[in-house]
Protein chains: 4
Amino acid sequence: MTEHHGNRYGRSERARQAVLEAADDLLVERGFAGVTIEGIAARAGVAKQTIYRWWPSKVDILMDAFIDDMAQHLTPPDHGDLGLDLRTHLSKLADFLTRSDAGAVFRALVGQAQHDPDLAIRLRADYLGQQRERDRLPLSRAVERGELPPDTDLDLAIDQLVGPIHYRVLVTGEPVPRHVTDALVHHFLVQHQPVAPSQPSRQR
Amino acid sequence: MTEHHGNRYGRSERARQAVLEAADDLLVERGFAGVTIEGIAARAGVAKQTIYRWWPSKVDILMDAFIDDMAQHLTPPDHGDLGLDLRTHLSKLADFLTRSDAGAVFRALVGQAQHDPDLAIRLRADYLGQQRERDRLPLSRAVERGELPPDTDLDLAIDQLVGPIHYRVLVTGEPVPRHVTDALVHHFLVQHQPVAPSQPSRQR
Amino acid sequence: MTEHHGNRYGRSERARQAVLEAADDLLVERGFAGVTIEGIAARAGVAKQTIYRWWPSKVDILMDAFIDDMAQHLTPPDHGDLGLDLRTHLSKLADFLTRSDAGAVFRALVGQAQHDPDLAIRLRADYLGQQRERDRLPLSRAVERGELPPDTDLDLAIDQLVGPIHYRVLVTGEPVPRHVTDALVHHFLVQHQPVAPSQPSRQR
Amino acid sequence: MTEHHGNRYGRSERARQAVLEAADDLLVERGFAGVTIEGIAARAGVAKQTIYRWWPSKVDILMDAFIDDMAQHLTPPDHGDLGLDLRTHLSKLADFLTRSDAGAVFRALVGQAQHDPDLAIRLRADYLGQQRERDRLPLSRAVERGELPPDTDLDLAIDQLVGPIHYRVLVTGEPVPRHVTDALVHHFLVQHQPVAPSQPSRQR
DNA sequence: AGATAATCGAGACGGTACGTCACGTCTTCTT
DNA sequence: AAGAAGACGTGACGTACCGTCTCGATTATCT
């Protein structure tokens, strides 16, 4: 890819990358209010018009940055054991939400989505759909393996597993340590485990 | 209360009410971005300085408006039965979050809190603490009645019950119908019911 | 006059002066294209909005500055002698147009008026009318004194006297030295002097 | 001339014409400020780069358009009579300045020249020099015929004749009807007519 | 019965960021 | 080589609100 300043046959990849990085950096450094089009343009060494040419608003920039970051993340493992898979997945999810830069962008986007129905729709279309697919994987595999009954309501199950984590992150602000995610998985398994009366031990 | 333009010994209640109502109206009519100090002042027939004298920022105005609205809401009932209490409470909570004007203000405040750590702190101090007390009531009463074991982790229980509801409201945007809240309560009860090994049926 | 930052009972005189001076300075230093609202605001230490509050455009600022500068200028003398009055007046006019800062502003305004009919109208209303009155004074006094016939077309006379000066200044760019203005006056007097056939000398 | 999009051996005459016409049209339709390179390019169906390749600025385009229009205009007639020649010439000049499209372009260029010394120089080099030659013709012929004394200052004479017309057009905005140009000629002839003491009538 | 001082309305002020327009330069592909 | 197309960095435009300030009017209490 040759360096150029743009022409009709394609936009400048250099400008695109610089904008996404600048937006990401500004969000982490100064918070959502500190992300301004002018600030991004100045930090990225890019013209405001170039930003407006390709992104309708600053949240679209953050969305692009977020999608780029998320490309390969949060795909749950497959150990062939529901409990282990879930514990690993939820723990990673909690870490992502509370500790990573991408998680900070996600929180900002979800926050802004409360004020902006269009953003909410795009966020669901561009990210949450895929994420829900990933969240569903360990469960559907468990159904196939017979670990879960075939009539299990997987959507409700996902809400039960990831809902409390998001609630802590977005509402109460409490941390989500490992023992919390493990406890969520434990209670979930209790609900659905075929009750085998004579073997009471089902803890990991 | 007589109309007046200021006096030496106290603020104008009329101005306070007008500001809170204007802020509320603007939020509902034009969304969070449409709530501006200048807009509130103009609609309330109040000087900007009067607003700045009494509120540090527009979110404080919304918070005041919200607290006023919430004064007596969402106190869970006491039927003496954990399942019934929880089903009623969660259903009301879901309605509040998804359907009421106050719920719209709450969603806006939670959204803004993602960008504004100070607001997050105030929101927890001024509202969430009380709300969590109310959420805890049915559970603590159940412990006293012996419906739940005394070592139950009530905080985790609350997260399990209200977390999925908030997750739907704030993140996925899906509705929270009655059968969802009932299912949440059902699964919660299954987890904590003293396991009676020889009677596998545990559906209500 | 107490220093203040503006209130409903009057604008800031300090800001007004600073804006007019900044505009004047920028015109002289960088030319008309160098006069920008942002530049004026920056140099005057004033907010752009303050400029837009009081002036519709940059030419209005220059007009104000010009009117201020012109308040007491170019009033022709009264020596009781038409030739002397006119020679003095035209010479001062030429100096004003070619050498003074105010003249530079005038040339810029006349230039812009070629592109902007509204400005042309305002320029005539706010300045040229008064200036024409001043130009007319020596002539009307001469009529009263009997130096000029009472049916003299004074408007045409003014055009004949000041027209060539403006032509040089605005069109050909040639200088307008004293001998040129004197020659204009001389020829004008020749035209209108009552022809006394037997006394050919009529030069001063 | 075949339609083409560039070739190796010379510029596109089609593009040149389209640019000049577009510039002219925009000036007449939207005024000087409405003439932009981007607007010309769009209307002419020409790339911006093509314009920049051949003209340094938009005023150069207007200048080209103006010179094209002016090729054969305003050459004064030769009736062998100074008064008649001048009356005809000045009347045509006034019409050109006040009524023609080319006159509108000329006024715009003179206006812009007040802000742009480079343009002023080019305008004088490319147009005013030739025009001054044309203005001088009737006078120099009159000198040759003996109608004017050989020591007449022709430059001053031209300024006296065309100066007031330009003054009205550029400064006061008054119309320049026939009787005004005739009066200018009349007064000019009075100045220079050899004084014949015994015949006072010298009106045309 | 005033006098008085905090509060009120109004709105001008110095700022920041917005989103748009046109500039003049560039790169690419076509003719 | 010249042209059409259009992306690029640049800078000014005019607008919307921000939070601060000053002003004159209002009015409940205190002298």
Side-chain angles (χ1 to χ4, degrees), chain A residues 2-12 14-15 33 35-39 41 44-54 56-58, chain B residues 2-12 14-15 33 35-42 44-54 56-58, chain C residues 2-12 14-15 33 35-39 41-42 44-54 56-58, chain D residues 2-12 14-15 33 35-39 41-42 44-54 56-58:
Chain A
T2 158
E3 279 267 343
H4 66 91
H5 280 205
N7 60 64
R8 70 182 295 202
Y9 303 99
R11 61 193 284 191
S12 161
R14 184 202 129 272
V35 181
T36 67
I37 302 285
E38 303 223 321
V46 144
K48 272 167 66 178
Q49 188 56 56
T50 297
I51 297 180
Y52 284 109
R53 207 189 322 273
W54 301 110
S57 75
K58 74 175 185 180
Chain B
T2 159
E3 282 257 350
H4 67 93
H5 282 193
N7 68 64
R8 191 175 172 181
Y9 301 96
R11 66 189 286 190
S12 159
R14 181 198 135 273
V35 181
T36 67
I37 300 287
E38 304 225 322
I40 294 170
V46 144
K48 276 167 63 180
Q49 188 55 53
T50 299
I51 297 180
Y52 282 109
R53 207 191 319 275
W54 301 110
S57 77
K58 75 174 185 177
Chain C
T2 158
E3 279 268 343
H4 65 94
H5 281 206
N7 60 64
R8 68 181 299 202
Y9 303 99
R11 61 193 285 192
S12 162
R14 184 201 130 273
V35 181
T36 65
I37 300 285
E38 303 222 322
V46 144
K48 273 168 66 179
Q49 189 55 53
T50 297
I51 297 180
Y52 284 109
R53 206 188 324 271
W54 300 110
S57 75
K58 74 175 184 178
Chain D
T2 158
E3 282 258 349
H4 66 93
H5 283 194
N7 68 62
R8 192 171 170 185
Y9 304 99
R11 67 190 285 193
S12 159
R14 182 198 134 275
V35 181
T36 66
I37 300 286
E38 304 224 322
V46 144
K48 277 166 62 179
Q49 187 56 52
T50 300
I51 297 180
Y52 283 109
R53 206 189 317 276
W54 301 109
S57 76
K58 75 175 185 178

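Sequence lines set the chain letters: A, B, ... in the order given, protein chains first and strands last, and positions in each chain run from 1. Excluded from the calculations below are hydrogen atoms, water molecules and symmetry mates; all remaining heavy atoms, backbone and side chain alike, are included.
- The two atoms that bring A/Val35 and A/Lys58 nearest to each other are O-NZ, 2.9 Å, heavy atoms only.
- To the nearest angstrom, C1' of F/dT10 lies 13 Å from CD1 of A/Ile51.
- Between B/Ile40 and B/Ile51, the closest heavy-atom pair is CG2-CD1, 3.8 Å.
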Between protein and nucleic acid, restricted to nucleotides 17-19 of chain E and to nitrogen or oxygen atoms under 3.5 Å apart, what atom pairs and distances do you find?
from	atom 1	to	atom 2	distance (Å)
E/dC18	OP1	A/Ile37	N	2.8
E/dC18	OP2	A/Ile37	N	3.1
E/dC18	OP2	A/Glu38	N	2.8
E/dG19	OP2	A/Tyr52	OH	2.6
E/dG19	O5'	A/Tyr52	OH	3.4
E/dG19	N7	A/Lys48	NZ	3.0
E/dG19	O6	A/Lys48	NZ	2.8

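- Distances shown here put a side-chain N or O of A/Trp54 below 4.0 Å from the OP1 or OP2 atom of F/dC8.
- For the OP1/OP2 pair of E/dG9 and a distance below 4.0 Å, the side-chain nitrogens and oxygens of B/Thr50 include at least one atom meeting the criterion.
- Using a 4.0 Å cut-off, some side-chain N or O of B/Arg53 falls inside it from OP1 or OP2 of E/dC8.
- If you measure from atom CD1 of B/Ile40 to atom P of E/dG9, you get 14 Å, rounded to the nearest angstrom.
- Residue B/Ser12 has no polar side-chain atom (N or O) positioned under 4.0 Å from OP1 or OP2 of E/dT7.
- Regarding contacts with the backbone of F/dG9, a side-chain N or O of A/Arg14 is found under 4.0 angstrom from either OP1 or OP2.
- Rounded to whole Å, atom C1' of E/dC23 lies 12 Å from atom CD of A/Gln49.
- Of all heavy-atom pairs between B/Ala15 and B/Val46, the closest is CB-CG2, 4.0 Å.
- Summarising the geometry of C/Ala41 relative to C/Ala47, their closest heavy-atom pair is CB-C, 4.3 Å, with the distance given to 0.1 Å.
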